[in-house]
Asker: 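I'd like to ask you about the structure that follows.
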There are 2 protein chains.
Amino acid sequence: MRVSTRLSDSIHLLAFLNIYADQHLTSDLIASSIETSPVVVRRLMGKLRQAGLITTTPGSAQPALAKPLNQISLLTIFYAVEGDKSLFAVDLKTNPECIVGGNIQTVLQQYYQDAQTAAEARLARTSMQDIVDNILVEQAKKDALSHN
Amino acid sequence: MRVSTRLSDSIHLLAFLNIYADQHLTSDLIASSIETSPVVVRRLMGKLRQAGLITTTPGSAQPALAKPLNQISLLTIFYAVEGDKSLFAVDLKTNPECIVGGNIQTVLQQYYQDAQTAAEARLARTSMQDIVDNILVEQAKKDALSHN
DNA sequence: ACTTCCTGTAACTATATTAATTACTGTGAT
DNA sequence: ATCACAGTAATTAATATAGTTACAGGAAGT
């Protein structure tokens with residue numbers, strides 16, 4: 001399948017809401033930054049709203065962050081848009097008659113969970129404040145170079 | 001897309017080679033345990049052979065582990081069959097004219113790499129010896145229960 | 001009230017990644 | 001010489017995701 005960019009696009013969206021808070025934030029404008037369709041943006045906003053990360057108003061273009069940037073972690077966003085998706089997939093179709101096929105699913109599940117938890121702990125440590133800070137620093141670097 | 005089970009199937013395959021080392025290990029037999037096709041098994045074995053994890057003989061059904069179980073980590077297998085695949089995908093199509101779209105790829109790449117490295121470190125800690133040990137323990141549990 | 005702009009969703013289509021299948025070449029062993 | 005099998009290319013099927021189309025309904029201005 002296509003690889004999911006929902007986490008990346010959602011982080012993008014939230015950063016956009018913060019940095020362009022003074023603009024008329026239609027799903028069309030946001031979509032032009034993510035380079036996707038307005039419908040995809042609205043779908044993502046739906047998930048983020050359900051997770052309590054943003055507020056929106058039907059019929060009116062005024063989405064806004066529901067919490068301070070430093071209280072929104074990348075892990076919260078991941079859960080909001082990917083649910084409990086596994087990073088490593090256990091093959092659920094193995095031969096139960098075989099010692100290996102009949103037990104490997106249970107065994108792998110544990111190790112995969114450990115690995116995923118380690119990754120998630122990292123995501124939990126990073127907040128949208130970090131993301132926005134870094135975006136602005138990267139932009140400042142570009143601006144500095146262009147003024148030579 | 002379909003979600004990849006190459007890592008799980010490869011671990012399965014290596015465990016099978018160890019536990020059933022005394023059997024006539026055709027790709028057909030291995031496939032019956034993984035519940036996949038012999039061609040898929042041979043393809044996986046090709047990758048594992050290229051990575052130096054197993055040895056095979058064209059025309060003859062005698063695949064074997066090329067190293068001791070405790071010297072094969074799950075991370076080595078992951079690299080062998082998934083290459084440098086990213087667990088979290090950066091959206092490479094964003095608007096470079098926008099402060100967010102023009103910088104977020106660089107920023108996310110760093111945090112995603114950190115998270116992936118944390119997960120990989122976990123995979124590196126686990127060896128095929130652990131996997132086989134756990135499979136045999138799980139099987140022993142079942143055997144014990146069935147003798148009540 | 002009417003119009004315009006917009007959100008929220010459902011339904012459908014397109015795209016991309018993976019596994020499965022088919023088919024073939026060539027090797028090893030009997 | 002034959003049979004069993006690995007190795008691999010080419011094609012097809014399955015499935016997760018993004019993108020598109022369509023439409024119902026809210027908000028705000030006139």
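Because the structure is predicted, anything quoted here is derived from the model rather than measured. Chain naming here is simple, since letters A, B, ... match the order of the sequence lines and numbering starts at 1 in each.
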Asker: Rounded to whole angstrom units, what separation is found between the CE atom of A:M45 and the P atom of C:dC6?
Answerer: 12 Å

Asker: Whether A:T57 contacts D:dG26 is assessed here as follows: a side-chain N or O lying under 4.0 Å from the phosphate OP1 or OP2. Is that the case?
Answerer: no

Asker: Output the rounded distance in Å from CD1 (A:I30) to P (C:dC6).
Answerer: 12 Å

Asker: Rounded to whole angstrom units, what separation is found between the NZ atom of A:K47 and the C1' atom of C:dG8?
Answerer: 14 Å

Asker: Do the side chains of B:S127 and B:Q71 get nearer than 4.5 Å, heavy atoms only?
Answerer: no

Asker: Among the nucleotides D:dA18, C:dA29, D:dT8, which one has an atom lying closest to any side-chain atom of A:R2?
Answerer: D:dA18

Asker: Restricting both atoms to N or O, compile the protein contacts to nucleotides 21-24 of chain C shorter than 3.5 Å, with distance only.
Answerer:
unit_1 : atom_1 : unit_2 : atom_2 : d
C:dT21 : O4     : B:R43  : NH1    : 3.4

Asker: Under 4.0 Å: is that the gap between some side-chain N or O of A:T56 and OP1 or OP2 of C:dG8?
Answerer: yes

Asker: For A:Q139 and A:D143, run side-chain hydrogen bond (donor to acceptor under 3.5 Å, both in side chains): C-alpha distance rounded to whole Å, both residues' side-chain angles, the deciding distance at 0.1 Å, then the answer.
Answerer: CA-CA 6 Å; A:Q139 182 61 36; A:D143 290 346; 3.1 Å; yes

Asker: Shared ILVMFWY cluster between B:V40 and B:V3, side chains joined below 4.5 angstrom?
Answerer: no

Asker: For DNA chain C, what residues of residues 6-29 of chain B have any heavy atom nearer than 4.0 Å?
Answerer: B:R6

Asker: Just to verify, which of B:N70, B:N18, B:N134, B:I72 counts as forming a side-chain contact (heavy atoms from CB on, under 4.5 Å) with B:Q129?
Answerer: B:N70

Asker: Write down the distance between CG (A:L92) and P (D:dA14), rounded to a whole number of angstrom.
Answerer: 19 Å

Asker: Using whole Å, what does the distance between atom P of nucleotide D:dG7 and atom CD of B:Q62 come to?
Answerer: 11 Å

Asker: Which residue lies toward the 5' end of DNA chain D, A:E82 or B:G46, if each is placed at its nearest nucleotide?
Answerer: B:G46

Asker: Could you tell me the separation between the CD atom of A:Q50 and the C1' atom of C:dT9, rounded to a whole number of Å?
Answerer: 12 Å

Asker: In whole Å, what is the span from the NZ atom of B:K85 to the C1' atom of C:dT17?
Answerer: 9 Å

Asker: Less than 4.5 Å apart, side chain to side chain, heavy atoms only: is that true for A:Y111 and B:I131?
Answerer: yes

